[in-house]
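For reference, the structure is listed below as structure tokens.
Counting starts at 1 for both ligands and their atoms, following the listed order. Not measured: the values here are computed from a predicted model.
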Amino acid sequence: MAVKMIKVHGSGNDFYLLDQTQFPEPLTDKGLKQLAINICKRDGAGLYEGADGVLVVDKSEHAHVLGRMRVINADGTEASMCGNGLRTVARYLGTQNDADNFRVETMYADLKVQAVADFAKQVPAYSVEISPVSFDAKTLGMHANHEAQTIINETIPELKSELKFSAVAVPNPHLIAFVDHATLVGDELGRIGEWLNDGKNTIFPDGVNVSFVEVLGQNSIFVRTFERGVGFTNACGTAMSASSLMYVLLHQESTDFNQEIQVTNPGGMVKTVVHQGADEEYWMELIGNATFVKIVSLPLTDALAADFTQASATITGEQAAYEDFVTSLTTA
Ligand SMILES: N[C@H](CCC[C@H](N)C(=O)O)C(=O)O
């Protein structure tokens with residue numbers, strides 16, 4: 001039996017999208033974990049150029065929902081949410097069902113998704129809801145500053161850093177610091193990211209996505225992320241959304257709720273809007289590309305055995321359009 005997947009990306013954060021309804025029976029969790037570990041490997045060891053993870057699409061049992069998304073990181077760990085990935089799943093399900101405004105089931109919420117105007121020619125774009133939001137240490141799996149219940153714009157002495165951090169779950173866990181440009185591009189992010197995802201530290205035993213944010217101007221930030229279960233990525237959608245929330249809460253001199261924020265990153269650019277609902281709950285809109293790079297196919301048993309010799313791919317041509325879009329950002 002062959003397995004068909006779409007290589008997709010959101011702002012250069014790339015995934016294999018696997019629709020499990022192609023199989024008579026869905027893969028087991030163990031099978032999904034092994035598949036992700038095999039195909040995501042970089043440096044030629046994985047399926048083509050590898051990936052940051054696998055987006056698993058299944059039917060949803062929930063009413064008014066077009067499908068379900070699960071997120072498997074490149075190291076095989078499962079995450080509760082993936083903002084860049086959700087945009088590509090929204091495009092996949094929307095195209096399949098001829099719908100452009102619907103909900104997708106994720107681990108903790110059925111999230112709103114909507115097709116929006118293309119970012120550029122052959123660069124389709126979607127807006128997705130990022131929620132629920134929590135600052136609670138228990139939800140974050142955080143043990144720091146004498147078991148503090150929340151950490152918002154505070155130093156964490158144990159990290160041997162002068163930086164001030166904010167910890168927020170959206171709902172996957174994020175640790176965010178606003179920094180100057182030299183720190184943004186320096187080694188500190190990698191040092192802290194490796195440490196908090198080493199599987200041994202006592203601050204985030206289950207790991208955490210770590211981001212440094214530079215304020216570039218009015219409603220404009222740059223976000224660089226070391227992702228749990230992956231390492232450095234071109235972009236992390238939930239990190240850019242969580243960073244936008246902290247930007248609104250801590251930097252009202254240059255942004256505010258309900259304003260469109262431009263978030264640039266090593267893989268390109270997305271837009272975010274931070275909302276506070278009537279119930280006082282925060283939620284974010286993450287608006288960005290949903291690029292389908294190629295359709296790949298190979299025998300399922302080979303993929304599970306990390307044998308990619310029979311793999312075939314059909315290129316869509318969208319990657320060239322996306323690269324032109326990124327170039328236009330710097331020449332604008
Ligand atoms: N590495 C993340 C999951 C992927 C999130 C990211 N790719 C995004 O776009 O939000 C975690 O373990 O929480």
Is the terminal nitrogen or CZ of K164 (NZ for Lys, CZ for Arg) located under 6.0 angstrom from the six-membered ring centre of F178 and within 45° of that ring's axis?
no
Atom OG1 of T314 and atom NZ of K7: how far apart are they, to the nearest 0.5 Å?
14.5 Å
Strictly under 4.0 angstrom, heavy-atom based: which residues surround ligand 1?
N13, F15, N73, A79, M81, C82, G83, N84, N172, N209, E227, R228, C236, G237, T238
Sole residue of V3, V57, L27 in side chain to side chain contact (heavy atoms under 4.5 Å, CB included) with Q20:
L27
Taking the six-membered ring of F308 as reference, does the NZ or CZ atom of K41 fall below 6.0 Å from its centre and within a 45° cone about the axis?
no
If only side-chain N and O atoms count, and only distance matters, is there a donor-acceptor pair under 3.5 Å linking E260 with N219?
no
Could you label the plane-to-plane angle of the H275 and W283 rings as parallel, tilted or perpendicular, counting under 30° as parallel and over 60° as perpendicular?
parallel
